[in-house]
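The structure appears right after this line, and notes come after that.
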Amino acid sequence: MSGRRGVVLGGGLAGMLAARVLARHLDSVVVVERDRYPDGPVVRKGVPQAHHGHLLLTGGAQRLDRLLPGVVDELVGQGARRLGLPSDVVSLTAQGWMPRFRQIRYALCCSRALLEWTVRKRVLGDGRIQVVEGTEAVRLCGTADRVTGALVRDRSNGQLAALDADLVVDATGRGSKATVWLRALGLPEVREELVDPGLAYATRLYRAPTADFPTVSVQADPGGGRPGRAAVIFPIEGAQWLVTLSGTRGAEPPVDDAGFEEFARNLPHGVIGELIAAAEPLGRARGYRNNANRRHRFDLLAQWPDGFAVLGDAVATTNPTYAHGMSVAAAEAVALDRELSQHRLRPGSFRRVQRRIVRATHVSWVMATSQDRLYPGVVGGGPTRAALLQKRLADRLQRVAGRDPVVFGALLGAHTLSGAPPLSQIPRVVAGLLRGAGPLDSGDPPFTAAERAVLTNRGEQV
């Protein structure tokens, strides 16, 4: 494959992972990024959602470490919290408080800025990969049969340049123009799927009153007949908490100080409000509303150009409260890597490549949209019979999981995108579903004595 070059449009997390994959199969890679990167783990202008909480779930962390061996340990060494699931999570669901069994799965909790900076350093340390900053993609070059490169524009002076490539990957995120670019090449309209419950976020950073504290969440009830209201505390690097409040259409959280605190106190349980009252705020709350579930069905096109692939949020975005975005991006990158390993750049193979990438979004998409269809005022299709049935099964499974660690493990396997349970455990999961279980404890949160002390501001100060 001498002299073959890849071009990645977009230098966020998905773009960096795509560049890493392309460098395995091509001789050089150019990443085109419209922003200019900060020198360090700092939120950049083009990633407004980076101010909010992010989790890298088990499946995503495993795939990230497969693409960049040792990067998870590197993140932990820089302060990211490795949270045992469910041991390090205090979570109130519509069924009650989930128990804190021993660790079954795990999640990596840190700021988006730290994660992107760490990944970016590793990827751009490869001499085969170069980045062009302050530059944006204008259109694809080529035909409906084959993409041969991309036309890009320098944002500082407007100068245009054509970048020839054997493979172009669009990782430009939610604002991707891939559907427009493909139509300009003569391909048909790409079908878009939308399920929008009107989710809004408000996030504020706090100095944590203790150095070691679990994630705490109060979840919404999709089937309750009212707008969803939820909140979560993410412990991140620097002994800080990212506190994110969320609400669906009609219950959007405010960003002013008093409104933020009142929203937290008036959730189904006031624990989040009590905890932030014992913490020191570090700056103002920030809101974000571009949170609809949206998927482009590139996989349904009968024709697909060779030399082109789309991944990341440009393919699908889901409600961020399910914490799947970064993990799905890693899964898509692994799917791209597998397909390129098998088919290289063989003519006619890229329709299969794109179908595999879209398939990597499927589990997350079904989980998010089947729940979000149940909220009042949802745009894009209300509850289907399948969604209502899945809701009843999910509620039943959650109650059973609260009594049985094996069933809990199966539930976590799905939610953390880390695979189905072993065949030997499936009969126990099925038996639990058939048997059912009573409601979980809805009283006090399952804190340890040391954690409970924080609620009365007696926690050991950092």
Side-chain angles (χ1 to χ4, degrees), residues 1 4-10 12-32 59-60 63-64 66-67 123 128-129 137 140-150 163-173 176-183 185-188 190-193 295-317 327-365 417:
M1 303 179 73
R4 293 193 171 182
R5 179 168 77 168
V7 169
V8 177
L9 307 176
L13 179 66
M16 285 293 126
L17 297 182
R20 169 63 172 167
V21 168
L22 265 57
R24 291 183 172 187
H25 303 279
L26 306 174
D27 297 285
S28 64
V29 180
V30 177
V31 178
V32 178
R63 293 178 177 96
L64 185 65
R66 173 177 170 177
L67 295 167
V123 172
R128 295 167 296 179
I129 302 172
L140 300 174
C141 301
T143 67
D145 295 321
R146 170 141 186 82
V147 168
T148 58
L163 296 177
D164 295 333
D166 297 278
L167 172 54
V168 175
V169 174
D170 176 17
T172 54
S176 167
K177 294 183 172 58
T179 57
V180 176
W181 294 339
L182 290 171
R183 283 203 310 272
L185 294 180
L187 275 77
V190 177
R191 173 180 157 191
E192 180 183 89
E193 297 174 337
R295 182 165 65 161
H296 293 103
R297 298 304 305 269
F298 298 113
D299 56 315
L300 299 181
L301 291 183
Q303 180 183 4
W304 186 263
D306 286 331
F308 184 57
V310 188
L311 56 71
D313 284 355
V315 174
T317 60
S327 297
V328 169
E332 292 172 308
V334 168
L336 176 63
D337 189 36
R338 286 176 175 166
E339 291 300 314
L340 290 179
S341 294
Q342 183 174 355
H343 300 289
R344 304 257 173 192
L345 299 180
R346 187 175 302 136
S349 66
F350 276 85
R351 181 167 179 260
R352 175 189 172 96
V353 171
Q354 192 60 48
R355 290 175 70 183
R356 287 297 180 108
I357 291 171
V358 176
R359 190 179 303 171
T361 73
H362 182 70
V363 171
S364 174
W365 177 263
L417 306 179

Determine whether Leu340 and Leu22 satisfy the following criterion, side chain to side chain contact (heavy atoms under 4.5 Å, CB included), listing intermediate values before the conclusion.
CA-CA 9 Å; Leu340 290 179; Leu22 265 57; 4.3 Å; yes

Minimum side-chain heavy-atom gap [X]-[Y] below 4.5 Å:
{"X": "Val147", "Y": "Leu185", "answer": "yes"}
{"X": "Val334", "Y": "Leu17", "answer": "no"}
{"X": "Val353", "Y": "Trp304", "answer": "no"}
{"X": "Leu9", "Y": "Trp181", "answer": "yes"}
{"X": "Asp306", "Y": "Leu345", "answer": "no"}

Taking Pro305 as the fixed residue, which of Leu182, Thr143, Asp145 is the one that meets the side-chain contact (heavy atoms from CB on, under 4.5 Å) rule?
Leu182

Does CZ belonging to Arg352 count more than 12 external heavy atoms closer than 6.0 Å?
yes

If you draw a 6.0 Å radius around NE2 in His343, do more than 12 non-hydrogen atoms from other residues or ligands fall strictly inside?
yes

Shortest non-hydrogen separation from [X] to [Y] and the atoms involved:
{"X": "Val315", "Y": "Gln354", "result": "CG2-NE2, 4.0 Å"}
{"X": "Ala18", "Y": "Val169", "result": "CB-CG1, 4.0 Å"}
{"X": "Gly312", "Y": "Ala14", "result": "CA-CB, 3.9 Å"}
{"X": "Leu187", "Y": "Leu301", "result": "CD2-CD1, 4.0 Å"}
{"X": "Phe350", "Y": "Gly307", "result": "CD1-N, 3.4 Å"}
{"X": "Ala330", "Y": "Leu67", "result": "O-CD1, 4.2 Å"}

Could you go through Ile357 and Val310, starting from their C-alpha distance and side-chain angles, then the distance that decides it, and tell me whether this counts as side chain to side chain contact (heavy atoms under 4.5 Å, CB included)?
CA-CA 8 Å; Ile357 291 171; Val310 188; over 6 Å; no

Hey, could you give me the [atom1]/[atom2] distance between [X] and [Y], rounded to the nearest 0.5 Å?
{"X": "Gln342", "Y": "Asp337", "atom1": "CD", "atom2": "CG", "value": "12.0 Å"}
{"X": "Arg359", "Y": "Glu332", "atom1": "CZ", "atom2": "CD", "value": "13.0 Å"}
{"X": "Asp164", "Y": "Cys141", "atom1": "CG", "atom2": "SG", "value": "7.5 Å"}
{"X": "Thr179", "Y": "Arg297", "atom1": "OG1", "atom2": "CZ", "value": "15.0 Å"}
{"X": "Thr148", "Y": "Leu167", "atom1": "OG1", "atom2": "CG", "value": "12.0 Å"}

Test item: [X] side-chain N/O and [Y] main-chain N/O as donor-acceptor pair under 3.5 Å:
{"X": "Thr361", "Y": "Val358", "value": "yes"}
{"X": "Arg128", "Y": "Ala23", "value": "yes"}
{"X": "Arg20", "Y": "Met16", "value": "no"}
{"X": "Asp27", "Y": "Arg5", "value": "no"}

Starting from the C-alpha separation in whole Å, work towards a yes-or-no answer on side chain to side chain contact (heavy atoms under 4.5 Å, CB included) for Val21 and Arg338.
CA-CA 9 Å; Val21 168; Arg338 286 176 175 166; over 6 Å; no

Reference residue His296; test side chain to side chain donor-acceptor pair (under 3.5 Å); the match among Glu193, Arg191, Glu192
Glu192

